[in-house]
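The next block holds one structure in the form of structure tokens; read it before the comments.
As a basis for the values below, the full set of heavy atoms in this structure was taken, side chains included, without hydrogen atoms, waters or symmetry mates.
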Amino acid sequence: QVHLVESGGGLVQAGGSLRLSCAASARTFSNYAMGWFRQAPGKEREFVGAISWNGGTTYYADSVKGRFTISRASAKVTLYLQMNSLRPEDTAVYYCAAKYSPSPGYAAGDMDHWGKGTLVTVSS
């Protein structure tokens with residue numbers, strides 16, 4: 001079982017930055033590909049970004065490409081999402097997720113474990 005806890009959300013003005021963190025409980029963190037998803041009010045949960053089990057490959061949704069960066073620190077058992085040039089449409093609850101696989105998943109149904117989310121609000 002993997003326990004995931006997100007942090008770092010908050011209120012920021014458009015154009016600003018935030019860094020989200022996801023602390024994992026698993027001793028075998030390196031066996032999991034990780035991802036970030038988000039869900040805005042009234043919308044379905046959508047893929048934001050993902051990283052392979054060894055951190056060697058990253059993937060991003062077109063809507064965040066060039067603005068968001070996903071990374072992982074195995075020694076700290078932590079996943080990060082650096083978000084720059086934030087826009088009001090980035091407002092959502094952001095979820096960290098883990099998949100027991102070397103390769104990441106891109107759909108919510110691909111993931112095995114989820115955190116409870118952290119709210120990001122971007123004001124215009």
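Of all the heavy atoms in N54 and G56, the pair that sits closest is OD1-N, 2.9 Å. The shortest heavy-atom contact between R67 and L86 is NH1-CA, 3.9 Å. Between S52 and P104, the closest heavy-atom pair is CA-CD, 4.1 Å.
Among W53, F29, Y32, the single residue meeting the ring-ring contact (aromatic ring centres under 6.0 Å, His included) criterion with Y100 is Y32.
Residues T57 and I51 have side chains not in contact (no heavy-atom distance under 4.5 Å, counting atoms from C-beta outward). With a 4.5 Å cut-off on side-chain heavy atoms, Y94 and V48 count as touching. Here the side chains of M34 and K99 are not in contact, with every heavy-atom distance at 4.5 Å or above.
For residues 59-94, the set of pairs meeting the disulfide (SG to SG under 2.5 Å) definition, not counting sequence neighbours, is empty.
A distance of 8.0 Å separates CH2 in W36 from CE in M83, rounded to the nearest 0.5 Å. Atoms OG and CG, from S71 and L81 in turn, are 8.5 Å apart once rounded to the nearest 0.5 Å.
Alongside L119, the hydrophobic cluster contains F37, F47, Y59, V93, Y95, Y106, M111, W114 (criterion: ILVMFWY side chains under 4.5 Å).
Judged by distance alone, the side chain of T91 and the main-chain N or O of T121 form no donor-acceptor pair under 3.5 Å. Judged purely by atom type and a 3.5 angstrom limit, R45 has no side-chain atom pairing as donor or acceptor with the backbone of R38. Remark: the backbone N or O of P88 is not paired with any side-chain donor or acceptor of S124 at under 3.5 angstrom.
Residues D62 and K65 are paired through a salt bridge, judged by an N-O separation under 4.0 Å between the basic side chain and the carboxylate.
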Residues L79, I70; criterion side chain to side chain contact (heavy atoms under 4.5 Å, CB included); working and verdict: CA-CA 8 Å; L79 177 73; I70 189 170; 3.9 Å; yes
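Annotation: cation-pi geometry not satisfied between R72 and Y80 (NZ/CZ under 6.0 angstrom from ring centroid, within 45° of ring axis).
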Just distance, no hydrogens or angles: give the donor-acceptor pairs under 3.5 Å from side chains in residues 4-24, sequence neighbours left out.
from : atom 1 : to   : atom 2 : distance (Å)
E6   : OE1    : K116 : N      : 3.2
E6   : OE1    : G117 : N      : 2.9
E6   : OE2    : C96  : N      : 2.8
E6   : OE2    : G117 : N      : 3.2
S17  : OG     : N84  : OD1    : 2.9

